[in-house]
Amino acid sequence: MLTALAVMSSGLTAGTADAAANEASGMAFAPTISCPSVADRLDQVPARAQAEVQRNLQLLESQVAEANRRLASSAGQGGPNFVQNAILGPLRDKRAATLQRIQIAFQRAGAQEPTGLQGLAGCTVQDDETGNGNNGDQNNGDQGNENQGDGDQGDGNQNNGNQNNGNQNNGGAAGQISCPDVADRLGQVPARAQAEVQRNLQLLESQVAEANRRLASSAGQGGPNFVQNAILGPLRDKRAATLQRIQIAFQRAGAQAPASLRTLATCELRNGNPGNGNGGNNGNNGGGENNGDGGNGNGGDGENNGNNGNNGNGGGQARGPVPADFVDIRSVQPNVRTPRTQQNGSRGTFSVDCGRNEGRIFNSDNVIVAPGVSNGAQHTHDYVGNESTNNQSTNESLLAASTTCRNGDKSTHYWPVLRALGQEEFDANRRGGGLDLNVGKILTPVAVQITFKGNPTGKVVAAPQFLRIITGNARVGGAEANAGWTCTGFENRQLTDKYPLCPRGSRLVRVFDFQSCWDGQNVDSANHRTHVTFPQADGSCPQGFQPIPALEHRLVYNVPQGPNFAVDTFPEELHKPVTDHSDFINLMNEQQMGRVVDCINSGRRCR
């Protein structure tokens, strides 16, 4: 085990160590941030993973130290949720991404990944002795119950996680807790895993039953977030651990673990008497995600001010984007750098015309990340290429479907829709649309360019049929964010975390560059990322990976002038531009892919 792990295994972070020292001296200590220890959860670190794990453990420490500096320097700023929204929320997202990198390091070393790491992402604020810290008026005094999992950007009267209820003060009828079904997501359970899987499925049932008993016996107790903090939050954590054990059972049996089981951890409350819940103070009771002060935002850090005055549809109001999410593209310095193509590089391109989604094929599923889950994305996707893609799609059904691509390619290409704010759309009262706080008129691109390119250092090999690739990350602070926002005439400069404001005569552009180095074996991976990666700085693929045709999606739009457009996101991600992403499933047959490879390697431009 790493020696550094032993040093950190006491469970003290930088914040808690300082607090303990002050307490020992008899001094009243200022609020500090406390995070769960990670090192003592890692057990034996494989030799091949030690350097990467050590680097990320140090990064976790620096993240907490930076958050504590921010906490100290911002004392007294913002509204009642400033600490949660401006400090704890971003810290949680950073830690989640770092913890994921630790898991990936174990996977790449061929070792069993540590269990329950993602449950260590959330941190709390240790209050001072006067009660003026985070346990006083920050998020109704319950920062320690993991209730900052999803949807934590609301004000103190909301904090419903990802429940979309708006009726959670438990003031009326007890209601009933409803959880996503797990058994129907497992597919064929290996014989060696059946006993362990069955045991954990029964445990999931008993957890829900116990939570419902707790709900019934506590009716009328607590404040407006009692159900979320005392029942739904702990239930989510228990289910996440149980779902992880199911995944491990598959892995130990040498089988592919079911994809995205962790997305099934969150349950919701279906109220028996919604009129007596918290919705009365929300000013909108449709999606349950609005602010509890009538939809005006909490005024703390400006993150929850609705949609720049554009009310949502279907009883919802979008939170974000905010003016700070936009920047004039003319103020951005050129920053796009491409490696020079070497003598042995592949210079050709192959373009596919799949239209612009003129047929308006939309849904809020994501068959890669959440197969079998209706509204698994909680935001609406544009689709071009394969015309049958939804959460129920299989390789066989996709191959049997029709396509919008002119060359007969049945591959699937999809991305979140872009909307003009302040206008109503068909999905105003539907999941993925207004009910998930995605509001506004869906904009059809004026151009969609799908291009496969070469590799600067060598020839490309054929990508396998059914290969799945996701570029970008739908979560703020998630791993491998890869949004590319720019404007026509300014494409030598790109933005990741800002929307560009284009001058008159210039159009908005979204650019998605996909990972183009493949591990040579897998068409997907548990986190949908480790089977492919991006080239290194010189354009070459890392050791163990080989270059495949590099896919690029380029989307061009006419958008309203000013900060009046936004990309669809998960409700809690506030329509941040950094969450932009795109998805691809390769359905080319051997002959079609052979044409692409031959064209690229011979230096031609083909269609």
Side-chain angles (χ1 to χ4, degrees), residues 85-86 89-90 93 150-155 158 162 164 284 286-291 295-298 300-327 362 364 366 375 377-382 415-425 427-428 430-443 472-478 481-485 495-502 508-510 512 555 557 559-582:
N85 297 342
D93 295 336
D150 288 321
D152 55 9
Q153 301 290 351
D155 79 315
Q158 179 200 347
N162 198 15
N164 295 339
N284 111 33
E289 289 279 1
N290 202 0
N291 299 311
N296 292 321
N298 66 16
D301 59 358
E303 292 295 319
N304 296 325
N305 292 330
N307 210 9
N308 296 322
N310 298 308
N311 288 330
N313 302 311
Q317 182 181 34
R319 296 178 296 158
V322 296
D325 291 327
F326 295 82
V327 65
F362 303 121
S364 56
N366 192 328
N375 193 39
Q378 290 186 274
H379 52 262
T380 299
H381 286 126
D382 264 318
W415 48 79
V417 299
L418 192 70
R419 297 181 189 255
L421 304 179
Q423 305 176 50
E424 190 163 322
E425 187 53 90
D427 60 355
R430 298 185 186 182
R431 296 191 304 166
L435 296 184
D436 284 309
L437 306 186
N438 292 301
V439 298
K441 179 179 176 59
I442 294 175
L443 298 173
N473 197 306
R475 297 292 186 181
V476 173
N482 194 39
W485 296 91
L495 299 164
T496 298
D497 59 352
K498 302 288 183 185
Y499 293 113
L501 294 175
C502 305
L508 181 77
V509 181
R510 297 163 74 185
F512 301 107
L555 318 177
Y557 296 85
V559 296
Q561 285 293 308
N564 295 307
F565 60 89
V567 70
D568 267 21
T569 64
F570 287 103
E572 63 272 19
E573 301 302 342
L574 307 176
H575 303 280
K576 296 298 185 185
V578 72
T579 64
D580 207 8
H581 57 282
S582 195

Peer 1: Is there a donor-acceptor pair under 3.5 Å between the side chain of Y557 and the backbone N or O of R510?
Peer 2: no
Peer 1: For W485, run the side chain to side chain contact (heavy atoms under 4.5 Å, CB included) check against T496, L508, D497 and tell me which one passes.
Peer 2: L508
Peer 1: Could you grab the distance from atom CG of L555 to atom CG of L443, nearest 0.5 Å is fine?
Peer 2: 12.0 Å
Peer 1: Parallel, tilted or perpendicular, judged at 30° and 60°: which one describes the rings of F512 and W415?
Peer 2: parallel
Peer 1: Return the minimal non-hydrogen interatomic distance between L421 and P321, and the atom names on each side.
Peer 2: CD1-CD, 4.1 Å
Peer 1: Find out whether P563 and Y499 are in side-chain contact, i.e. whether some heavy atom of one side chain is under 4.5 Å from a heavy atom of the other.
Peer 2: no
Peer 1: How far apart are the closest heavy atoms of F570 and A474, and which atoms are they?
Peer 2: CE1-CB, 3.6 Å
Peer 1: In terms of side-chain geometry, is the basic nitrogen of D325 or K576 positioned less than 4.0 Å from the acidic oxygen of its partner?
Peer 2: yes
Peer 1: Using 0.5 Å steps for rounding, measure from the CG atom of N375 to the OG1 atom of T380.
Peer 2: 8.0 Å
Peer 1: In Å, rounded to the nearest 0.5 Å, how long is the span from CD of E572 to CG of D436?
Peer 2: 9.0 Å
Peer 1: Can you measure from CG (N482) to NE2 (H581) and round to the nearest 0.5 angstrom?
Peer 2: 12.0 Å
Peer 1: Search all heavy atoms of P500 against all heavy atoms of F565 and return the closest pair with its distance.
Peer 2: O-CZ, 3.5 Å
Peer 1: Give the minimum heavy-atom separation between G433 and R419, together with the two atoms involved.
Peer 2: CA-NH2, 4.0 Å
Peer 1: Just by modelled atom types, is the T569 backbone N or O under 3.5 Å from a matching donor or acceptor in the N438 side chain?
Peer 2: yes
Peer 1: Which heavy atom of D382 sits nearest a heavy atom of F362, and at what distance?
Peer 2: OD1-CE2, 3.0 Å
Peer 1: Closer than 3.5 angstrom, by distance alone: can the side chain of T579 be matched with the main-chain N or O of V476 as a donor-acceptor pair?
Peer 2: no
Peer 1: Among H379, R475, Q378, exactly one meets side-chain hydrogen bond (donor to acceptor under 3.5 Å, both in side chains) together with E573. Which residue is that?
Peer 2: R475
Peer 1: Taking all non-hydrogen atoms of both residues, which atom of P416 and which atom of D568 are closest, and how far apart?
Peer 2: CB-O, 3.6 Å
Peer 1: Quick one: CG on N564 to CZ on F326, what's the gap to the nearest 0.5 Å?
Peer 2: 7.0 Å
